[in-house]
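This is a predicted model, so every value here is computed, not measured.
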Amino acid sequence: MISASADPTTAASDSPAPGLLSDAYDRLGVQLHDGVGTLRIWSGDATGVELVVFDADDADWIVDILPLLSVGDGVWEVTTPQLRPGARYSVRVDGPHGPGMTFNPATLLIDPYARGLASPGIHSWRSVVVDEGFDWGGVRKPATPLDRTVIYEAHVKGLTKRHPGVPAALHGTYAALAHPAMIEHYRSLGVTAVELLPIHAFASEPRLLQLGLTNYWGYNSVGFFAPHAAYATAAAQAEGPSAVLRELKGMVKLLHEAGIEVILDVVYNHTSEQGLGEPRSSFRGIDNRGYYRQTDDGTYVDVTGCGNSVNTSTDAAARLVLDSLRYWANEVQVDGFRFDLAPTLGRDAAHSFAADHPLLRAIVDDPALADVKMIAEPWDVGMGGWQTGAFGEGWSEWNDRYRDRVRNFWLSDIDYSRRADVTPVGIGGFATRLAGSANTFSADRGPLASVNFVTAHDGFTLHDLVSYDVKRNEANGEHGRDGADTNRSFNHGFEGPTDDECILATRRRAMRNLLGTLLLSAGVPMVTAGDEIGRTQHGNNNAYCHDSALTWYDWTLEPWQEDLRAHVAALTRIRRENPALRPVRFAHAEKVVPSASVIDWYDETGETMSIDQWTDPSHRTLQYDAQSTPEHEAPNRTLLVVHGREQGTDITLPALQGVRRFVTLWSSADERPCTDATVRLPGETFHAAGTSMYLFRAE
């Protein structure tokens, strides 16, 4: 047994909660000063804690074991010159037996605050002290306003693995993401932020390894401070965790110099320790009751579907999350976070979601996180887990209601109409999403609370969304049981690949309609990397376990892919140049609201939409007139025409007060973006192709 170095503190559950901002939790992990290092570990239930130091060259050779002293509030501390940059270490923790207690003094554990990790074997880890020094050269964060933000969701490895303009030694790495060839890609596409799938150190589940697969997406965190070393170049990996961190910071610095923000997809809701009985690597061995949700008898309360759920109703776990965010936002200079299964973080001691949860409020109120973009994935798999629209001010949210309605309008409704010769619903719900989802987000939060998306890493790619009715997930090793069954997709008459040019042309137009809707809607748009070129995963809508050509970006493009990419570039430029398309606030019926867009709606005849037309399933055409209310930019007015039936129709442009002409900016009916800026007059009639969109600037 490990003997206690001092009288153990009482269990955290038996003492007054010090609060997640308490000084009791300050400076956990290793702090370097005057040639020595101090390690502080929190364990409210421990009776003894030891530091185990390993040889620099042999990760299994123990060179010293030192006891930690209890310094109160569940914190244990030791200071030693052996904790210096490059030092490998673990901790061992002993404590009482009982429900929820899983102490084992023989188990080597990761420091939860370790800035570096090394893995001498499968599911074997050592904490590593890192040198955090880095010259930022005066480069500052771009601080892109939310209304000007266009997010590009990407995988570090998948995006760059096969880029012909990136040196082979950099393929699939942090360094590759900031290579000049990639920066040119982001700039030409018009995106302002890359949102990276998890880069916290993560592990593959034993089940996947047994199948010869891997956890490619990375939603299986080992720790919340150390970057995933496998995404660094071979040279940085060989040099060690300090070099890995420098490469990551170098990536952030170069992207910031180019005006590109970095948003991290973070997984604080569960860890790689999985369920009880699985191998422990850190939290379960240090203080199981303090870090994981469980019932009184120690049974895990799993609201994530991953075996465990981090218990942010305890101050220690909540502070761990907050400290990790501070570290990445300030030491690594990232610009924002997308929180995987965010309701888990907002569950109280009774495991119920609370929008005013202390951690959720602390994240957006913390001065150390000021101006950092906070984006919630507003659902988990527990009771009451679907919380879209429920997060408070300061939060943006992935808007699944937007995703579903847009997919329905352009895909499943069209499929239905082919079968039944009528669409199931009218255009009203689609228009609400187009204008910022005011029925989901409060007036105080406004349209920028909505992160709009049509696809994401999870689900069909854009190409597959218009090419498959049914998922093709057999290669995942779960007999096709995994992945969503309801995709609101439409194959347009043939399942999967086809040489039928009519079907292919219809699919391409559907992709343009989906991308056009996404990039012309009020809110914050998120484009999934590869959708701009119609990347396919051959019908696999849950490719989380494939690190292969199936999931890597293919940079060899056919002409139609170049055309699609040109549409995305044109749409982001149009969005940037027309503030009417990106209001900061919702308009008010009785007064002019600065940075809002005054909206009017017209039907295909140019007349004001009637109440009946909003809900009539046979009515699938509208004209969306948006006028910006100047605050920081010049006045601007746009007219978006949407026609959601496969049969073409005539459109009469409305006679708008003060408008002399309409200048054509974009059309989804064109294989390539229009460049002639055709001028049309109020009251003029033109023919709209089936399932198409047209955007005009009103002058």
Participant: Please examine the side chains of Asn399 and Met526, heavy atoms only from C-beta on, and report whether any two atoms are closer than 4.5 Å.
Facilitator: no
Participant: Do Arg140 and Glu257 sit within salt-bridge range, that is, some charged N less than 4.0 Å from a carboxylate O?
Facilitator: no
Participant: So how far is it from Arg338 CZ to Leu196 CG, rounded to the nearest 0.5 Å?
Facilitator: 12.5 Å
Participant: Enter the distance from Ile533:CD1 to Glu558:CD here, rounded to the nearest 0.5 Å.
Facilitator: 10.5 Å
Participant: Would Arg620 pass as a cation-pi partner of Phe409, given that its NZ or CZ must be under 6.0 Å from the six-membered ring centre and within 45 degrees of the axis?
Facilitator: yes
Participant: When you compare the side chains of Tyr152 and Glu532, does any donor N or O come within less than 3.5 Å of an acceptor on the partner?
Facilitator: yes
Participant: When rounded to the nearest 0.5 angstrom, what is the spacing between CZ in Arg445 and CZ in Phe586?
Facilitator: 9.5 Å
Participant: Looking only at the side chains, is there a donor atom on one of Trp379 and Glu377 sitting less than 3.5 Å from an acceptor on the other?
Facilitator: yes
Participant: Where do Phe337 and Lys373 land on the side-chain contact (heavy atoms from CB on, under 4.5 Å) test, with the steps shown first?
Facilitator: CA-CA 6 Å; Phe337 302 94; Lys373 294 176 172 66; over 6 Å; no
Participant: Can you see whether Ser618 engages Asp616 through a side-chain donor-acceptor pair at a distance of less than 3.5 angstrom?
Facilitator: yes
Participant: Of all the heavy-atom pairs spanning Leu177 and Leu159, show the shortest one and how long it is.
Facilitator: CD2-CD2, 3.9 Å
Participant: Are Thr691 and Asn513 close enough that some pair of their side-chain heavy atoms sits under 4.5 Å apart?
Facilitator: yes
Participant: Measure the shortest side-chain to side-chain distance between Ile151 and Val524 over non-hydrogen atoms and say whether it is less than 4.5 angstrom.
Facilitator: yes
Participant: Do other residues, nucleotides or ligands put more than 12 heavy atoms under 6.0 Å from the OH atom of Tyr416?
Facilitator: no
Participant: Do any side-chain atoms of residues 592-599 form donor-acceptor pairs under 3.5 angstrom with protein atoms, and if so which ones, sequence neighbours left out?
Facilitator:
from   : atom 1 : to     : atom 2 : distance (Å)
Ser595 : OG     : Glu631 : OE1    : 2.2
Ser597 : OG     : Ala580 : O      : 2.8

Participant: Would you compute the distance between atom CG of Asp531 and atom OG1 of Thr536 and round it to the nearest 0.5 angstrom?
Facilitator: 10.5 Å
Participant: For Arg361 and Glu393, work out which heavy atoms get closest and say how close.
Facilitator: NH1-O, 3.3 Å
Participant: Any side-chain donor-acceptor pair under 3.5 Å between Asn408 and Asp413?
Facilitator: no
Participant: What distance do Ile427 atom CD1 and Met609 atom CE have between them, rounded to the nearest 0.5 Å?
Facilitator: 6.0 Å
Participant: Mind running ring pair (Phe, Tyr, Trp, His ring centres under 6.0 Å) on Tyr174 and His179 for me, showing each step along the way?
Facilitator: CA-CA 9 Å; Tyr174 298 122; His179 186 273; over 10 Å; no
Participant: Go through the side-chain N and O atoms of Thr149 and Thr144 and say whether any donor and acceptor fall under 3.5 Å apart.
Facilitator: no
Participant: Determine whether the side chains of Ser668 and Ser692 contain a donor N or O and an acceptor N or O closer than 3.5 Å.
Facilitator: no
Participant: Regarding Thr517 and Trp410, do their side chains bring together a donor and an acceptor under 3.5 Å, going by distance alone?
Facilitator: yes
Participant: Going by atom types only, do Arg565 and Ser188 share a side-chain donor-acceptor pair under 3.5 Å?
Facilitator: yes
Participant: Go through the side-chain N and O atoms of Ser628 and Asn636 and say whether any donor and acceptor fall under 3.5 Å apart.
Facilitator: no
Participant: Of all heavy-atom pairs between Leu248 and Trp328, which one has the smallest distance, and what is that distance?
Facilitator: CD2-CZ3, 3.4 Å
Participant: Any luck finding a side-chain donor-acceptor pair between Arg433 and Thr440 under 3.5 Å?
Facilitator: yes
Participant: Give the intermediate values and the outcome of salt bridge (charged side-chain N to carboxylate O under 4.0 Å, His left out) for residues Lys249 and Glu331.
Facilitator: CA-CA 9 Å; Lys249 290 180 176 179; Glu331 181 63 34; 2.5 Å; yes
Participant: Check whether any side-chain heavy atom of Trp560 lies under 4.5 Å from a side-chain heavy atom of Leu504, and answer yes or no.
Facilitator: no
Participant: One pair to check against salt bridge (charged side-chain N to carboxylate O under 4.0 Å, His left out): Asp625 and Arg637. What are the steps and the verdict?
Facilitator: CA-CA 7 Å; Asp625 169 32; Arg637 190 170 191 174; 2.9 Å; yes
Participant: Using a 4.5 Å cut-off on heavy atoms from C-beta on, say whether the side chain of Leu639 contacts that of Leu653.
Facilitator: yes
Participant: Please evaluate residues His163 and Trp552 with respect to the criterion ring pair (Phe, Tyr, Trp, His ring centres under 6.0 Å), reporting the C-alpha separation (whole Å), side-chain torsions for both, the decisive distance (0.1 Å), and the verdict.
Facilitator: CA-CA 10 Å; His163 195 296; Trp552 301 338; over 10 Å; no
Participant: Taking Glu577 first and then Arg573, would you say they form a salt bridge - that is, a charged N and a carboxylate O separated by under 4.0 Å?
Facilitator: yes
Participant: Under a 3.5 Å threshold, yes or no: a donor from one side chain and an acceptor from the other, between Thr621 and His643?
Facilitator: yes
Participant: Minimum heavy-atom separation for Arg575 and Leu518, please, with both atom names.
Facilitator: NH1-O, 4.4 Å
Participant: Is it the case that the side chains of His567 and Trp666 hold a donor-acceptor pair, with the cut-off being a distance below 3.5 Å and no angle test?
Facilitator: yes
Participant: For Asp400 and Thr388, which I'm curious about, is there any donor-acceptor pair between the side chains at under 3.5 Å?
Facilitator: yes
Participant: With the side chain counted from C-beta on, respond yes when Phe686 and Asp650 share a heavy-atom pair under 4.5 Å apart, and no when they do not.
Facilitator: no
Participant: Kindly compute the distance separating CG (Leu665) from OG1 (Thr678), expressed to the nearest 0.5 Å.
Facilitator: 10.5 Å
Participant: Evaluate the criterion salt bridge (charged side-chain N to carboxylate O under 4.0 Å, His left out) for residue pair Glu633 and Arg148; output intermediate values, then yes/no.
Facilitator: CA-CA 12 Å; Glu633 301 181 72; Arg148 288 180 171 269; 2.9 Å; yes
Participant: Verify whether one side chain among His463 and Gln537 offers a donor that lies under 3.5 Å from an acceptor in the other.
Facilitator: no
Participant: Quick check: closest heavy atoms across Phe662 and Leu681, and the distance to 0.1 Å?
Facilitator: CD1-C, 4.2 Å
Participant: Is it true that the side chains of Tyr219 and Asp265 contain a donor and an acceptor less than 3.5 Å apart?
Facilitator: yes
Participant: Ignoring hydrogens and geometry beyond distance, is a side-chain donor-acceptor pair present between Ser442 and Asp444 at under 3.5 Å?
Facilitator: no
Participant: Are His256 and Asp335 linked by a side-chain donor-acceptor pair shorter than 3.5 Å?
Facilitator: yes
Participant: Between Lys141 and Glu261, is there a side-chain N and carboxylate O pair less than 4.0 Å apart?
Facilitator: no
Participant: Can you find a heavy atom in the side chain of Val663 that is under 4.5 Å from one in the side chain of Arg661?
Facilitator: yes
Participant: Within the structure provided, determine whether Thr649 and Gln647 are in side-chain contact (heavy-atom separation under 4.5 Å).
Facilitator: no
Participant: Evaluate ring pair (Phe, Tyr, Trp, His ring centres under 6.0 Å) for His155 paired with Tyr231, printing each intermediate quantity in order.
Facilitator: CA-CA 10 Å; His155 188 281; Tyr231 290 157; 5.6 Å; yes
Participant: Take Asp404 and Arg488 through the salt bridge (charged side-chain N to carboxylate O under 4.0 Å, His left out) test and state the conclusion after the steps.
Facilitator: CA-CA 7 Å; Asp404 293 349; Arg488 296 174 169 84; 3.7 Å; yes
Participant: For the residue pair Ser489 and Tyr468, what are the closest heavy atoms and their distance?
Facilitator: OG-O, 2.7 Å
Participant: Backbone N or O of Asp603 within a donor-acceptor pair of the Gln623 side chain at under 3.5 Å?
Facilitator: yes
Participant: Using a distance-only test with no angle check, is there a side-chain donor-acceptor pair under 3.5 angstrom linking Asp464 and Asn541?
Facilitator: no
